[in-house]
Amino acid sequence: MTLAAQIKQVAEQALKSLFPEADIQPSQITVNQTKPEFTGDYTLVLFPFVKALRQKPDELGRKLGDYLVQQGDLFVSYDIVSGFLNLTVKDEYWTNFLVKEYNHTSFGARPVNGKRVMVEYSSPNTNKPLHFGHLRNNFLGYAVANILQANGYEVIKANLVNDRGIHICKSMIAWMRYGNGATPENTGIKGDHLVGDYYVKFNDIYKEEVAALTANGMDEATAEKEAPIMKEAQDLLRKWEAGDAEVRELWKQMNGWVYKGFEETYGRLGVNFDQMYYESDTYLLGKSLVEDGLKKGVLFKKEDNSVWIDLTDEGLDQKLLLRGDGTSVYMTQDLGTAQLKYNDYKLDQSIYVIADEQNYHMQVLKLILKKLGEPCADGVYHLSYGMVELPSGKMKSREGTVVDADDMIDEMIALSQQQTEEAGKTEGFTQDELATLYNTIGLGALKFYLLRVDPKKRMIFDPKESIDLHGFTATFIQYAHARICSILRKEQVPMVPPAETFSNFTSTLPVLPAEKKMLLILEQYPAILENAGSEYNPSLLCNYCFALAQQFNSFYDEHSISKAENEEKKQLRLMLIVMTAQVMRNAMQLLGIRLPEKM
RNA sequence: GGUCCGGUAGCUCAGUUGGAUAGAGCAUCAGCCUUCUAAGCUGAGGGUCAUUGGUUCGAAUCCAAUCCGGAUCACCA
């Protein structure tokens with residue numbers, strides 16, 4: 001149990017035994033960390049009780065404070081400041097905590113809870129390369145999956161690839177018309193980029209053709225439908241659906257190029273998947289669900305034979321589930337895929353990492369599953385995140401106004417190289433080690449930049465401003481970690497010392513303020529990790545790690561570790577920094593960010 | 001128009017069920033490297049928490065209304 005929770009419990013007990021006649025609700029008890037300008041570690045707010053107990057705040061505080069200090073073994077003293085009971089925890093608690101946990105490699109992780117959850121993320125279209133917005137999705141999904149795992153869940157990372165449909169046909173038709181047999185091999189262009197180039201080409205030609213038609217007097221709406229290249233793309237889609245061998249062959253080939261490109265990018269990003277789903281396999285699913293729904297009377301048919309669900313009593317609209325000709329729509333296949341996932345893995349929870357533009361769709365999906373009585377319905381959770389936009393607005397791959405993911409990675413690595421060289425910190429590294437270091441710093445900065453903001457908030461990225469390597473960044477945390485490792489190397493203490501290393505440590509001296517600040521924050525890690533899991537919010541770990549590194553840097557500045565005042569302080573501080581580095585590594589690893597031992 | 005999300009320092013963002021004088025980073029300014037890594041530390045300036053009203057011992061936080069920004073409401077995916 002966390003210290004804050006313990007204090008809450010002890011306070012409740014104290015109130016009950018001091019005022020047995022009063023009705024104290026646990027929810028009334030608020031325990032906060034004491035503000036730095038007051039003495040104390042944790043603070044109990046007295047106001048909620050003054051009325052019920054008919055006590056003046058300060059009197060109540062004295063009674064409570066006396067009781068807590070005398071009866072319990074947690075506090076050494078208390079202080080009352082206008083209605084706030086500031087409690088100081090015994091040094092003994094802190095040193096015991098440190099000795100017990102300093103080399104605990106999985107500190108904060110929770111035991112397996114027997115629940116299985118799928119995190120679907122990335123889910124790219126195969127007609128273009130990944131851009132900056134996809135990065136947020138990938139980092140978020142990967143981090144949330146790790147965080148849930150650390151919270152005891154069995155996690156399956158899934159990727160539902162949108163490999164069929166009109167978008168890929170657009171790339172295909174442009175390649176057929178203008179490609180001259182271009183391949184990644186004979187052009188040297190990465191496969192996903194090559195296919196993306198033809199997607200852009202399609203849109204250029206399409207625009208020209210529409211312009212030509214309107215110039216001849218056709219109205220725009222008709223022109224958009226009648227443009228030859230669009231009709232050819234649609235024709236291609238029909239052929240694809242009919243199983244035309246030639247079309248399928250080209251489709252397979254071009255998708256193959258894209259997959260190879262994606263694989264490379266995923267590798268650089270450090271993300272991976274346990275289960276791939278392809279829409280070409282799943283797009284026909286869901287029809288049987290619709291049939292069942294009709295039988296159950298949950299769905300209804302219109303005159304033209306199309307199938308609908310009425311959600312007006314939920315404040316929503318009617319939603320189409322099957323076209324008049326019996327073909328399925330997006331929602332139909334999503335229903336089927338939800339069922340498929342559930343049947344494949346018997347999931348307790350199914351998380352979809354999808355941008356907030358699909359909030360309505362996901363809300364409706366869950367609702368329909370519920371109305372159909374599907375067991376997977378309750379577990380469906382939309383992890384909705386805000387889109388990454390440019391100062392000029394949304395990124396549009398059709399118009400080529402995107403920040404490409406591969407380019408961004410290259411830029412970040414180059415930036416970290418440049419700044420490392422400028423700082424003159426390249427000595428003592430081999431070329432290979434430097435390459436690894438630049439990668440660690442560059443990708444760390446990129447990931448942290450995208451993960452540090454509350455997922456549901458949209459964010460604006462200005463490509464003109466490079467991502468900072470100072471302040472609230474991964475670099476800051478990496479640097480603190482490297483400093484710790486440097487001390488440990490010097491003192492010949494392993495990163496994870498065996499239990500006997502500090503077995504002769506005994507605590508006799510007071511814990512100093514800077515030391516206690518670190519212990520306070522370290523003790524809070526398990527609670528932060530749990531929160532990050534229950535809220536699906538990696539940014540909590542970003543904030544936490546930054547605060548921890550900040551605290552360490554202040555500590556480092558104020559107290560020497562190697563040349564501590566005496567042996568006891570040296571040992572205590574070594575344990576302190578061992579644990580700090582361990583917690584940093586654990587938390588950052590969940591975010592997919594590595595911490596160098598030297599930088 | 002309906003629904004949902006957001007509005008906190010010049011900029012980017014924290015602020016965990018309502019708690020003390022609203023905090024970080026960037027940028028600006030002033031200090032700190034014969035001492036474990038200065039990618040760091042210390043300090044200063046900078047705020048009508050969009051607006052108004054309400055709830056109460058207490059509101060950035062809860063409620064209502066208004067203003068601004070965004071998303072969505074397809075026989076698209």
Side-chain angles (χ1 to χ4, degrees), chain A residues 4 27 30 32 34-35 37-38 43 45-48 50-51 57 81-84 86 125 162 164-167 279 283 302 304 306-308 314-317 319-325 327-331 333-334 355-361 363-364 384 386-387 389 393-394 416 419-420 422-423 425 441 449 452-454 456-462 465 468-473 475-480 482-491 524 527-528 531 534-535 537 539-540 542-543 546-547 549-550 552-564 573 577 598-599:
Chain A
S27 63
T30 38
N32 300 323
T34 304
K35 302 262 178 224
E37 55 267 38
F38 304 103
T43 295
V45 185
L46 298 168
F47 298 111
V50 296
K51 217 176 224 172
V81 181
S82 57
F84 295 89
N86 299 327
N125 291 352
N162 190 358
R164 51 132 250 137
I166 191 70
H167 50 85
E279 282 202 14
Y283 82 109
K302 289 195 177 172
D304 65 351
S306 58
V307 180
W308 296 72
E314 311 276 349
L316 305 172
D317 303 315
K319 189 84 188 169
L320 175 87
L321 294 182
L322 223 47
R323 295 190 183 99
D325 61 6
T327 56
S328 50
V329 291
Y330 188 42
M331 185 60 80
Q333 59 174 290
D334 268 4
D356 60 10
E357 59 184 354
Q358 294 201 32
N359 284 355
Y360 181 74
H361 177 80
Q363 188 190 352
V364 170
S384 166
M387 312 261 281
E389 293 179 16
K394 265 173 119 166
S416 64
Q419 300 215 6
T420 305
E422 276 172 15
K425 299 201 171 214
I441 296 174
Y449 182 84
R452 68 184 196 181
V453 181
D454 186 332
K456 66 173 177 290
K457 293 198 174 175
R458 73 197 170 101
M459 53 193 297
I460 295 169
F461 173 67
D462 189 344
E465 295 168 18
D468 211 326
L469 263 42
H470 300 271
F472 185 25
T473 63
T475 316
F476 184 94
I477 296 154
Q478 289 169 329
Y479 184 64
R483 280 174 140 183
I484 291 176
C485 292
S486 171
I487 299 169
L488 295 180
R489 269 195 305 275
K490 188 180 162 194
E491 295 298 327
Q524 290 166 355
I528 300 287
N531 243 338
S534 60
E535 291 177 24
N537 187 352
S539 77
L540 299 179
C542 292
N543 284 303
F546 178 65
Q550 227 176 5
F552 166 76
N553 280 331
S554 296
F555 175 79
Y556 176 91
D557 194 64
E558 190 177 339
H559 298 295
S560 179
I561 292 134
S562 299
K563 295 182 183 161
R573 287 174 196 168
I577 64 170
K598 225 167 70 171
M599 68 186 279

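Worth saying up front: this structure is predicted, and the values here are computed from it rather than measured. So that the names make sense, note that chain A is the first sequence line, chain B the second, and so on, each numbered from 1. Excluded from the calculations below are hydrogen atoms, water molecules and symmetry mates; all remaining heavy atoms, backbone and side chain alike, are included.
A:F476 comes within contact range of the sugar-phosphate backbone alone, with a heavy-atom separation under 4.0 Å but no base atom that close. A:D325 comes within 4.0 angstrom of nothing in the nucleic acid, heavy atoms only. When heavy atoms are screened at a 4.0 angstrom cut-off, A:D334 is found touching no nucleic acid atom at all. Among the heavy atoms of the strands lying under 4.0 Å from A:K51 are primed sugar atoms or P, OP1, OP2 only; no base atom is included. Contacts of A:N162 with the nucleic acid, taken as non-hydrogen atoms under 4.0 Å apart, involve only primed sugar atoms and P, OP1 or OP2. Across all strands, A:V45 comes closer than 4.0 Å to base atoms (heavy-atom distances).
Nearer to the 5' terminus of RNA chain B, by closest-nucleotide assignment, is the contact made by A:V453 (compared with the other of A:V453 and A:S416).
Ring geometry, A:F84 versus A:F47: the interplanar angle exceeds 60°, so the pair is classed perpendicular (tilted spans 30 to 60°).
In this structure, the aromatic ring of A:F47 is positioned over the six-membered ring of the base of B:G19, centres within 5.5 Å and planes within 30°.
Listed by first residue number, the stems of RNA chain B with at least three Watson-Crick or G-U pairs below 3.5 Å are B:1-7 with B:67-73, B:10-13 with B:23-26, B:28-32 with B:40-44, B:50-54 with B:62-66.
The aromatic ring centroids of A:Y449 and A:F461 lie less than 6.0 Å from each other.
Across B:G23 and B:G69, the matching C1' atoms stand 25 Å from one another, rounded to whole Å.
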Can you name the atoms? Protein N/O to nucleotides 24-30 of chain B N/O, anything below 3.5 Å, with the distance.
from: B:A24; atom 1: O3'; to: A:Q550; atom 2: NE2; distance (Å): 3.3
from: B:G25; atom 1: O2'; to: A:F472; atom 2: N; distance (Å): 3.2

Contact list (N/O, under 3.5 angstrom) for nucleotides 34-36 of chain B vs protein:
from: B:U35; atom 1: O2'; to: A:K563; atom 2: NZ; distance (Å): 3.4
from: B:C36; atom 1: O2; to: A:I561; atom 2: N; distance (Å): 3.3
from: B:C36; atom 1: O2; to: A:S562; atom 2: N; distance (Å): 2.9
from: B:C36; atom 1: O2; to: A:S562; atom 2: OG; distance (Å): 3.1
from: B:C36; atom 1: N3; to: A:I561; atom 2: N; distance (Å): 3.0
from: B:C36; atom 1: N4; to: A:Y556; atom 2: O; distance (Å): 2.4
from: B:C36; atom 1: N4; to: A:H559; atom 2: O; distance (Å): 2.6

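Remark: A:R452 fails to qualify as a cation-pi partner of A:F546 under the 6.0 Å distance and 45° angle criteria applied to the six-membered ring. A cation-pi geometry, defined here as NZ or CZ lying under 6.0 Å from the six-membered ring centre and within 45° of its normal, holds between A:R164 and A:Y283.
Distance CD1 (A:I460) to C1' (B:C13): 13 Å, rounded to an integer number of Å.
Applying the 90° criterion around 0 to the glycosidic angle, B:C33 comes out syn.
Minimum heavy-atom separation, A:F476 to A:Q550: CE2-N, 3.5 Å.
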